[in-house]
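These notes concern the structure reproduced below.
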Amino acid sequence: PLFRSEKAAKKKAIAAGLAGGKAAETEDEREAEERRIKSLMSGMSAMEEEKLSSRAVASIVGQQSEAIQQMASEYATKKAELDEEQVDGAGATQAHSRKVTSLQKQIVNLEKRLAEISSQHSELAEAYGNAQNRLKEAKERRAKIETEMEKLDAMVTDENREVIQELRRLIGMNEGLKKQEQQFKTHCKEEMSRLKEELDKLEGAEGEGGDPEERERLRLIAKQYEADKAKFQKIRLLLARKNREIAHLQRKIDEVPSRTELSQYQRRFVELSNQMAATLTETKKFYTFYNTLDDQKLYLEKEVKLLNSINENFRTAMSSQSNKAQFLKQMEGIVEGLDKNKSKVSEKKAQEKAKRDELQDEHTH
């Protein structure tokens, strides 16, 4: 609205100048000047529409409110003066020139301000983008850490609880040492830059004939720098040792099976135990069957030998009465031995059966 008012004021000033009856050259100059001002104003409007957002315009208006009020008051004053000059018609050209000059100055100032605001906007946009990227990285890192912590909590058992606590303590110490190392590096860089600047100054002063006090101060600064450097090296060694301890504890934790792995091992051991029990039972059956067949073979061989012996001695025993009696006596002894063997086998069978029943009862209860 201010620019439109100024534009209308210019038109009125130009009309008043034309009504004053000046020469053709003066009118041509005013028309040229008016066209130039119109082009500048249109350029400013286009530039504002293209480059300035509503927020930037609001920022400009807020920051330049006092300047705008001052310009408005100046405009009102100049308009009153211009109206007075229009009454007599003599100073129209001069008023127009002053107005053009004032507007040109305002345009230049506003262009400078627009350039400054655009530069500030670009810097803030870049800083905002960097902050968003850092925030995204921090969120991703936090999510990763939370996932790892959940995995670590799942691995905690009564056996490795102390190891996990020690590992957490060492991890916290490691993070603290890393933070201290980063802060110390930053401090060392700043201190080194400051010391280099002082060293350059002192070298320049020494080249110009510096005093011994400055040389002594320079020596103390160099000594302090070497001490800080040695301290930094010790901190790095300490951090490396802590990293090795953390890696060692991590390997120990990896060696301890988790609950899932232990359940898998238990299930596999049960399967192997059942398989071994089945194999053992089958093997015992084979051994028992073999022993039974071996005993049967032994008894059958004895029976065959006995029958062969009886067959061979039967004719001789039947040849006389005495041989017959002796043969019968031998047969009675053989039958008696067989009965004894039968009794022993029966007793052994009963004992084995009792053992079997006892073992079955134990397994049942």
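Heavy atoms of other residues, nucleotides or ligands lying less than 6.0 angstrom from CD of E148 number more than 12. Other residues, nucleotides and ligands contribute over 12 non-hydrogen atoms within 6.0 Å of the CZ atom of R194. Within a 6.0 Å radius of CD in E140, more than 12 heavy atoms belonging to other residues, nucleotides or ligands are found. By the 6.0 Å contact criterion, CD on Q321 is open, its count of non-hydrogen atoms from other residues, nucleotides or ligands being 12 or less.
Here N308 contributes atom CG and N313 contributes atom CG; the two are 10.5 Å apart, rounded to the nearest 0.5 Å. For the atom pair I253 CD1 and E255 CD, the distance stands at 10.5 Å (nearest 0.5 Å). One finds the NZ atom of K223 at 13.5 Å from the CD1 atom of I221 (value rounded to the nearest 0.5 Å). Separating the CE atom in M276 from the OG1 atom in T283 is a distance of 10.5 Å, to the nearest 0.5 Å. Of the inter-residue distances, the one linking C188 atom SG with E181 atom CD reads 10.0 Å to the nearest 0.5 angstrom. With rounding to the nearest 0.5 Å, the separation of CG in L238 from CD in Q180 is 9.5 Å.
Side-chain contact between F232 and K185: present, with at least one pair of heavy atoms (C-beta onward) separated by less than 4.5 Å. Residues T101 and K105 have side chains in contact (heavy-atom distance under 4.5 Å, counting atoms from C-beta outward). Annotation: side chain of Q264 is in contact with side chain of R267 (closest heavy-atom distance under 4.5 Å). Between E358 and E362 there is a side-chain heavy-atom pair separated by less than 4.5 Å. Contact of the R356 side chain with the L359 side chain is not registered, since no non-hydrogen atoms from C-beta on lie closer than 4.5 Å.
A donor-acceptor contact shorter than 3.5 Å links the side chain of N130 to the backbone of E126. Of the possible polar contacts, none joining the S119 side chain to the A115 backbone as a donor-acceptor pair under 3.5 Å is found. For N311 (side chain) and L307 (main-chain N/O), no donor-acceptor pair under 3.5 Å exists by modelled atom type. Looking at S273, its side chain never comes within 3.5 Å of a backbone N or O of F269 through a donor-acceptor pair. Put simply, the side chain of S263 gets close to the backbone of R259: a donor and an acceptor are under 3.5 Å apart. A donor-acceptor pair under 3.5 Å is absent between the side-chain atoms of S309 and the main chain of K305, judged by distance alone.
The shortest non-hydrogen separation linking Y299 to V345 is OH-CG2, 3.6 Å. Among all heavy-atom pairs drawn from I246 and L170, the shortest one is CD1-O, 3.5 Å. D228 approaches F184 most closely through the heavy-atom pair O-CZ, 3.5 Å.
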Chi angles and distances behind the side chain to side chain contact (heavy atoms under 4.5 Å, CB included) call for E303, L306: CA-CA 5 Å; E303 185 178 358; L306 180 60; 5.6 Å; no
Trace of the side chain to side chain contact (heavy atoms under 4.5 Å, CB included) decision for K144 with R141: CA-CA 5 Å; K144 185 177 179 181; R141 187 168 180 269; 5.6 Å; no
Evaluation steps, side chain to side chain contact (heavy atoms under 4.5 Å, CB included), between K112 and V108: CA-CA 6 Å; K112 290 181 180 179; V108 171; 3.8 Å; yes
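At a threshold of 4.0 Å, the pair E282-K285 does not count as salt-bridged, since none of the basic side-chain nitrogens sits closer than that to a carboxylate oxygen. With salt bridges taken as basic N to acidic carboxylate O contacts below 4.0 Å, one links R142 and E146.
Linking Ile, Leu, Val, Met, Phe, Trp and Tyr residues whenever their side-chain heavy atoms come within less than 4.5 Å places L338 and F327 in a single cluster.
Looking at Y265 and E261, their side chains never bring a donor and an acceptor atom within 3.5 Å of each other.
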